[in-house]
Amino acid sequence: VFYPSSTATDEGIFQRFIQAANYATPAGTISESISILFSFYLNGTTVNFVLMKGTRAKSVSIKMAVGQPHEITVDFIHMDIIVPITTANAGLTTPTLVTAENTGTIHSWLSGGANPVALIGVTLECVEFNCTINRNTTADYVLGTATPHSTQAHGRRISGDAKYLYTVVTSDTNFTTPTAGTITAVLSTGVSTLTISNASITTISRDAGADDTEAIVESAGFKALSCTYA
């Protein structure tokens with residue numbers, strides 16, 4: 001689970017997980033696997049390092065909600081993970097605490113400005129937004145070895161939902177027509193925006209009762225063909 005911030009490193013790694021695959025020029029996309037190094041203290045004294053090799057995202061989920069920092073959850077698939085060791089693998093940079101500390105501002109529910117979510121051309125009074133990008137990444141095994149030959153992403157499946165105050169009926173119209181279009185979610189103004197293209201509303205629901213003391217909240221589920229994070 002990541003709390004995205006305004007640092008270039010954060011934006012670059014999320015783009016790699018979310019953007020379309022590029023087999024011809026894989027650098028910076030999910031078509032290029034990466035390695036992830038992390039460490040932990042054993043018994044509070046000895047640093048242990050773990051290296052995950054041939055890493056790709058299996059799925060990515062983005063959540064924006066009132067009163068909370070934005071969350072990006074990534075499920076990974078790896079070709080290999082080493083047993084913890086006390087010396088980092090040769091050739092890998094192990095930053096100290098001072099240089100590794102993230103000084104970027106964490107994106108929160110106020111970072112995207114007023115009305116940061118638009119659903120197929122309709123600006124919403126949004127209270128929660130969720131999007132899942134399933135990369136369908138799998139490991140390919142061959143006879144004679146326990147380590148996979150490779151991993152590969154097999155097409156994106158994009159879905160999600162938006163919950164918003166029921167102040168307009170345009171989303172209902174787009175659902176019943178139906179109408180495909182673009183969904184935008186601004187995580188942080190001028191820093192990062194999720195743009196979802198060729199999206200269609202697949203479900204609409206709302207609850208209202210005589211004893212309700214709050215505004216009616218409508219929920220719209222959607223599916224889409226493509227998306228970018230920039």
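The first residue of the sequence shown is numbered 1, and numbering continues consecutively from there.
At a threshold of 4.5 Å between non-hydrogen side-chain atoms, the residues Lys63 and Gln68 count as touching. When side chains are defined from C-beta on, Phe129 does not count as touching Tyr164, because their heavy atoms never get closer than 4.5 Å. Side-chain contact between Glu218 and Asp172 is present, with at least one heavy-atom pair separated by less than 4.5 Å. Contact of the Val191 side chain with the Ser5 side chain is not registered, since no non-hydrogen atoms from C-beta on lie closer than 4.5 Å. You'll find the side chain of Glu128 stays beyond 4.5 Å of the side chain of Trp109, heavy atoms only. Here the side chains of Val142 and Thr145 are in contact, with some heavy-atom distance below 4.5 Å. Proximity of Ile120 to Thr182: side-chain heavy atoms (C-beta onward) are nowhere separated by under 4.5 Å. Looking at Ile201 and Ser171, their side chains come closer than 4.5 Å, going by heavy atoms from C-beta outward.
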For this session: In sequence, state the C-alpha distance, the side-chain angles, and the governing distance for Tyr229 and Glu11, and then conclude on side-chain hydrogen bond (donor to acceptor under 3.5 Å, both in side chains).
Result: CA-CA 8 Å; Tyr229 181 93; Glu11 300 307 302; 3.2 Å; yes

Exercise. Going through the checks in order, is the side chain to side chain contact (heavy atoms under 4.5 Å, CB included) test met by Ser6 and His107?
Worked result: CA-CA 7 Å; Ser6 56; His107 302 334; 4.1 Å; yes

For this session: With side chain to side chain contact (heavy atoms under 4.5 Å, CB included) as the test, would you mind laying out the steps for Leu42 and Thr45 before giving the verdict?
Result: CA-CA 6 Å; Leu42 185 63; Thr45 57; over 6 Å; no

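Both Ile72 and Phe76 sit in one connected hydrophobic cluster of ILVMFWY residues. Membership requires side-chain heavy atoms under 4.5 Å apart, directly or through other members. Val74 and Ile81 fall within a single hydrophobic cluster, where Ile, Leu, Val, Met, Phe, Trp and Tyr side chains are chained together by heavy-atom contacts under 4.5 Å. Grouping the Ile, Leu, Val, Met, Phe, Trp and Tyr side chains by contacts below 4.5 angstrom, directly or via other members, places Ile36 with Phe17. When hydrophobic clusters are built by joining Ile, Leu, Val, Met, Phe, Trp and Tyr residues whose side-chain heavy atoms come closer than 4.5 Å, directly or via intermediates, Phe2 is grouped together with Met64. Hydrophobic clustering (ILVMFWY, side-chain heavy atoms < 4.5 Å, transitive): Val66 and Leu165 are in one cluster.
Of the possible donor and acceptor atoms, one in the side chain of Thr189 sits under 3.5 Å from a partner among the backbone N and O of Ser111. In this structure a side-chain-to-backbone donor-acceptor pair under 3.5 Å is present from Thr29 to Ser31. Side-chain N or O atoms of Ser219 include none that pairs as donor or acceptor with a backbone N or O of Lys163 at under 3.5 Å. No donor-acceptor distance shorter than 3.5 angstrom exists from the side chain of Ser192 to the backbone of Leu187, with no hydrogens or angles considered.
Evaluated for a side-chain contact (heavy atoms from CB on, under 4.5 Å) with Ile183, the options Val122, Ile158, Ile196, Leu194 yield exactly one hit, Ile196. For the pairing with His154, the side chain to side chain donor-acceptor pair (under 3.5 Å) check across Thr137, Asn136, Thr138 returns one residue only, Thr138.
Atom OG1 of residue Thr147 and atom CG of residue Asp80 lie 5.0 Å apart, to the nearest 0.5 angstrom. Expressed to the nearest 0.5 Å, how far CG of Asn43 lies from OH of Tyr41 amounts to 13.0 Å. A distance of 8.5 Å separates CZ in Arg135 from CD1 in Ile18, rounded to the nearest 0.5 Å. Remark: Ile133 CD1 to Ser61 OG distance equals 7.5 Å, nearest 0.5 Å. To the nearest 0.5 Å, atoms OG (Ser59) and CG (Asp75) are separated by 4.0 Å. Atom OG of Ser39 and atom CG of Leu37 lie 7.0 Å apart (nearest 0.5 Å).
With sequence neighbours left out, Arg16 forms a side chain to side chain contact (heavy atoms under 4.5 Å, CB included) with Ile13, Glu32, Ile34. With sequence neighbours left out, the side-chain hydrogen bond (donor to acceptor under 3.5 Å, both in side chains) criterion links Gln19 to no other residue.
Closest approach of Leu124 to Ala162, counting heavy atoms only: CD1-CB, 4.2 Å. What you find for Arg156 and Leu225 is that their closest heavy atoms are NH2-O, 4.5 Å. Between Ala57 and Ile30 the shortest heavy-atom distance is O-CD1, 3.6 Å.
Checking Ser33 against Arg56 by side-chain atom types alone, no donor-acceptor pair falls below 3.5 Å. For the residue pair Thr86/Thr46, the side-chain donor-acceptor check at 3.5 Å is not satisfied.
Side-chain rings of Phe222 and Phe175 stay apart, their centers remaining 6.0 Å or farther from each other. Taking the centre of each ring, Phe49 and Phe38 stay at or above the 6.0 Å mark.
Between Asp161 and Lys223 no salt bridge is recorded (no basic side-chain N to carboxylate O distance below 4.0 Å).
No more than 12 heavy atoms of other residues, nucleotides or ligands shown are found within 6.0 angstrom of CG on Asp207.
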